[in-house]
Amino acid sequence: MPTRRAEAEWTGDLKGGQGTMALGSGAYRGGYSFGSRFEEAPGTNPEELIGAALAGCYSMALAAGLGKDGHHPERVATRAKVTVDKVEGGFAITRIELSTEARVPGLDDATFQKAAEATKRGCPVGKALGGTEITVDAKLLS
């Protein structure tokens, strides 16, 4: 398996400084700031990128698991809401809420819910987030 790379640079102090983050593949490069992390200023932030990584991993893993069981999805779409809270010693990602919708011909909801829950426990990005609470609201579309 290949090793993936990313980079970030920060210049200046915490509140007045600014930074850039980039993916090693070149698919993304963008700016971030104190305001884009802890306020509503334009730009991205590390937490948003973690949410995108988890949503992408979850969608792909759910499609793989369903396909392995003979249920081939037409579409799996997942959104992530990442919550950052002040905790003892600083800030932490305390919760990530996934909302996923899938169109899987011939699949019943009970089987889909079981697969959705199993995927939450098995997704590699989710595993990397260790102690973070991750919830999934899974909807099977007809």
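The shown structure was predicted, so the numbers you read here are calculated from the model rather than taken from an experiment.
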Q | Pair D13 + K15, salt bridge at N-O below 4.0 Å | A | no

From [atom1] ([X]) to [atom2] ([Y]), nearest 0.5 Å:
{"X": "T78", "Y": "M60", "atom1": "OG1", "atom2": "CE", "value": "12.5 Å"}
{"X": "N45", "Y": "E39", "atom1": "CG", "atom2": "CD", "value": "12.0 Å"}
{"X": "L107", "Y": "S142", "atom1": "CG", "atom2": "OG", "value": "12.0 Å"}
{"X": "K81", "Y": "T83", "atom1": "NZ", "atom2": "OG1", "value": "7.5 Å"}

Is any side-chain heavy atom of [X] closer than 4.5 Å to a side-chain heavy atom of [Y]?
{"X": "S36", "Y": "P42", "value": "no"}
{"X": "T11", "Y": "Q18", "value": "yes"}
{"X": "T94", "Y": "V84", "value": "no"}
{"X": "Y58", "Y": "T119", "value": "yes"}
{"X": "C123", "Y": "L54", "value": "yes"}
{"X": "V125", "Y": "K127", "value": "no"}
{"X": "T44", "Y": "L49", "value": "yes"}
{"X": "L141", "Y": "R75", "value": "yes"}

Where [X] and [Y] come nearest, the two heavy atoms and their spacing:
{"X": "A116", "Y": "A138", "value": "CB-CB, 3.6 Å"}
{"X": "P105", "Y": "E74", "value": "CG-OE2, 3.3 Å"}
{"X": "A102", "Y": "F112", "value": "CB-CE1, 3.6 Å"}
{"X": "R37", "Y": "Y32", "value": "CD-CD1, 4.3 Å"}
{"X": "M21", "Y": "P46", "value": "CE-N, 3.8 Å"}
{"X": "A80", "Y": "L98", "value": "CB-CD2, 3.7 Å"}

Q) Which one of K120, Q113, K114 satisfies the side chain to side chain donor-acceptor pair (under 3.5 Å) criterion with E117? A)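 One option only clears the test, and that one is K120.
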
If we ignore hydrogens and angles and just use 3.5 Å, is the side chain of [X] paired with the main-chain N or O of [Y] as donor and acceptor?
{"X": "T100", "Y": "A77", "answer": "yes"}
{"X": "D108", "Y": "A110", "answer": "yes"}
{"X": "S59", "Y": "A55", "answer": "yes"}
{"X": "D69", "Y": "H71", "answer": "no"}

Q.
According to a hydrophobic-cluster definition based on side-chain heavy atoms being under 4.5 Å apart (Ile, Leu, Val, Met, Phe, Trp, Tyr only), do W10 and I50 belong together?
A. no

**Q.** same_hphob_cluster(I96, F91) at 4.5 Å side-chain heavy-atom cutoff
**A.**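 Yes, I96 connects to F91 through the hydrophobic network.
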
**Q.** Sequence-distant partners of R95, salt bridge (Lys or Arg N to Asp or Glu O under 4.0 Å), two or more places apart
**A.**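 R95 satisfies salt bridge (Lys or Arg N to Asp or Glu O under 4.0 Å) with E97, E133 only.
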
(Q) Please determine whether the number of non-hydrogen atoms from other residues, nucleotides or ligands lying under 6.0 Å from atom CD of E9 exceeds 12. (A)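 Counting neighbours around CD of E9, 12 or fewer heavy atoms of other residues, nucleotides or ligands fall under 6.0 Å, so no.
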
**Q.** Sole candidate of T132, L129, I93 that passes side-chain contact (heavy atoms from CB on, under 4.5 Å) when paired with V82
**A.** I93

